[in-house]
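Residue numbers start at 1 and run along the sequence shown. Counting starts at 1 for both ligands and their atoms, in listed order.
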Amino acid sequence: MPEVFILGIESSCDETAAAVVRSGAEVISNVVASQMAVHQPYGGVVPELASREHLRAIVPVVRRALAEAKHSYQSLDAIAVTQGPGLAGALLVGISYAKALAFALDKPLIAVNHLEGHIHAVLLEERQKGNYQMQFPVLALVVSGGHTHLYLAEPENEGWTYENIGRTRDDAAGEAFDKVAKLLGLGYPGGPLIDRLAPHGDFRAVKFPAAQIKHRDRRDGAASGKSGNHDRPRFDFSYSGIKTAVLRYVETHNLQASIEGRRRVLVKISNPTIDDYLAHCDKQTLNLVASFQHAVVEDLVSKTLAAARTYDVATLLVTGGVAANNELRERFDRQASRDGLPVYFPSRPLSTDNAAMIAAAAYPKFLAKDLAPTDFSAEAGMALR
Ligand code: KG4
Ligand code: ZN
């Protein structure tokens, strides 16, 4: 089969990304321009600022991706872009640019669901290692700042089918990491910080009640990807309760003054190191951070493995920004291997938002000639099916 080079473009949230991927199997270049510094003072992504930053970054990021890949625009076989889900204004920047590029170059344009991209990040990673032998059906946990989803995924003809069997009822897991970090006067994004601070605390120190979804809710098929599957068991998540529990702990243990002090000091340090954070975190805060992370990881791992057993899947994929978390990776490795279930993660650069995953997910669509209609637009709440 001839080699296929796809340029991926991703702009769904706060990263402007472009990448060239060969035949869904090899990353030739992978450029990510993070807007973290822009959003940091606000403790979260500001949608309008995100759109403006994408507009600023998109041309140089795509040029760099091509230069690093040593490819010309003309040597590309197709252009792929994230259609959704994400911030509408942010998505529109990538889509407008991709449409213009595809039109000017007379190349096929492929629209990709961001969540499908996260799933294909793992497949891309494995193909790069020479592993083309994944067993199906696969259960994929997509866990990021905007999503906590469980999908049964299978190749079908030349495309893929997905069935959603779990989602968050409120906050996504990454969102909980970010909100708790903000609440404790740590920086943004919170996930990587909590990941690095947690090993310095005692995870047994604070007991959080397990985030439980009632049995009745687990049979709600409204979000199911396939029609006719309304009675299939569901494994939903909920992380707003644990965030409130952290807030209550802060109030009942009078931590507000020390949090304010930490916030004031850290804001004055440009690019604080982990030692800066540690120097301004007391034992009680580190214990709280460790206990929070432990509880979220425990919930993600136990529900995912319960779903894997119920649906008798052959393989587990864990992907999305939170899949970069060390404790999550260790727990999945340990507990899935106990169940005899192979578990795969993307490397850390492919875990968080990137465009290589978009180009990889576009490859089977390219083969199936599943191209975007000329009038397609951003779909902020796009479902995966
Ligand atoms: O996939 P991603 O880059 O963007 C979305 O699609 O949301 O995920 C970003 C999320 C943020 O909430 C961030 O705090 C979280 O992933 N994250 C982590 C880690 N690295 C990023 N959460 C926990 N541990 C990490 N190491
Ligand atoms: Zn993402």
Side-chain angles (χ1 to χ4, degrees), residues 8-17 19 30 32-36 39-40 43-45 47 50 54 82-87 90-91 94 112-122 140-149 151 167-168 171-184 186-199 237 239 242-243 274 277 289-290 292-301 317-332 345-358 360-361 380-382 384:
I9 296 175
E10 151 67 36
S11 69
S12 66
C13 191
D14 59 344
E15 260 108 23
T16 317
N30 188 15
V32 180
S34 170
Q35 306 177 0
M36 215 177 287
H39 302 291
Q40 214 148 29
V45 180
H54 285 307
T82 306
Q83 181 177 11
L87 300 168
L91 289 162
V112 174
N113 184 304
H114 181 83
L115 300 169
E116 185 173 21
H118 275 304
I119 293 172
H120 282 259
V122 192
L141 170 67
V142 184
V143 59
S144 70
H147 311 280
T148 311
H149 281 297
Y151 290 101
R167 65 182 166 94
T168 179
D171 291 352
E175 190 179 354
F177 272 92
D178 295 337
K179 286 179 175 171
V180 164
K182 187 175 178 180
L183 176 70
L184 296 178
L186 302 166
Y188 168 82
L193 279 173
I194 289 180
D195 191 2
R196 283 189 294 163
L197 292 174
F237 304 91
Y239 295 112
I242 193 164
K243 173 195 67 190
I274 195 67
Y277 286 103
V289 162
F292 161 78
Q293 177 174 285
H294 186 77
V296 172
V297 166
E298 168 64 35
D299 188 66
L300 285 167
V301 173
L317 312 183
V318 183
T319 183
V322 182
N325 186 272
N326 286 296
E327 188 176 347
L328 186 79
R329 284 180 179 239
E330 279 161 26
R331 288 289 291 281
F332 263 120
F345 307 89
S347 59
R348 280 174 178 76
L350 291 182
S351 291
T352 48
D353 286 351
N354 66 87
M357 67 185 197
I358 302 302
M382 193 175 185
L384 178 60

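Of all protein heavy atoms, the one lying nearest to atom 22 (N) of ligand 1 is Gly191 CA, 3.3 Å. At the top of the distance list for atom 14 (O) of ligand 1, counting protein heavy atoms only, stands Asp178 OD1, 2.7 Å. Gly145 N, 2.8 Å is the protein heavy atom nearest to atom 7 (O) of ligand 1. Taking atom 24 (N) of ligand 1 as the reference point, the nearest protein heavy-atom neighbour is Asn325 ND2, 3.0 Å. For atom 20 (N) of ligand 1, the closest non-hydrogen atom on the protein side is Gly321 O, 3.4 Å. Looking only at protein heavy atoms, the nearest one to atom 26 (N) of ligand 1 is Asp195 OD2, 2.8 Å.
For Phe177 and Phe292, the distance between ring centers is under 6.0 angstrom.
Here the side chain of Thr148 pairs no donor or acceptor atom with the backbone of Thr168 at under 3.5 angstrom. One N or O on the side chain of Gln40 and one on the backbone of Tyr188 form a donor-acceptor pair closer than 3.5 Å. Judged by distance alone, with hydrogens and angles left aside, the side-chain atoms of Asn325 form no donor-acceptor pair with the main-chain N or O of Asp195 at under 3.5 Å.
Using a 4.5 Å heavy-atom threshold, the side chains of Pro85 and Asn113 count as touching. In this structure the side chain of Tyr277 never reaches within 4.5 angstrom of the side chain of Val289, judged on heavy atoms. Residues Ile194 and Leu184 fail the side-chain proximity criterion, which asks for heavy atoms closer than 4.5 Å. With a 4.5 Å cut-off on side-chain heavy atoms, Thr82 and Leu91 count as touching.
By the 4.0 Å heavy-atom criterion, His114 is counted among the residues contacting ligand 1. Contact between Arg196 and ligand 1 is absent, with no heavy atom of the residue lying under 4.0 Å from the ligand.
The contact set between ligand 1 and His118, taken as ligand atoms under 4.0 Å from a residue heavy atom, comprises 1 (O), 6 (O). Below 4.0 Å from some heavy atom of Gly174 lie the following atoms of ligand 1, by number and element: 12 (O). Near Thr352, the atoms of ligand 1 lying under 4.0 angstrom from a non-hydrogen atom of the residue are 3 (O). Those atoms of ligand 1 that come under 4.0 Å of a heavy atom in Asp353, given as number and element, are 1 (O), 2 (P), 3 (O), 4 (O), 5 (C), 6 (O).
At least one N, O or S atom of His114 sits under 2.8 Å from the Zn ion (ligand 2). At least one N/O/S atom of His118, from backbone or side chain, sits under 2.8 Å from the Zn ion (ligand 2).
Between atom NE2 of residue His120 and atom CG of residue Leu317 there is a gap of 9.5 Å, rounded to the nearest 0.5 Å. Interatomic distance, CG of Leu115 versus OH of Tyr151, reported as 4.5 Å (0.5 Å rounding).
At under 3.5 Å, a nitrogen or oxygen of Gly146, whether backbone or side chain, sits near a nitrogen or oxygen of ligand 1.
Take the N/O/S atoms of Asp353: the one nearest the Zn ion (ligand 2) is OD1.
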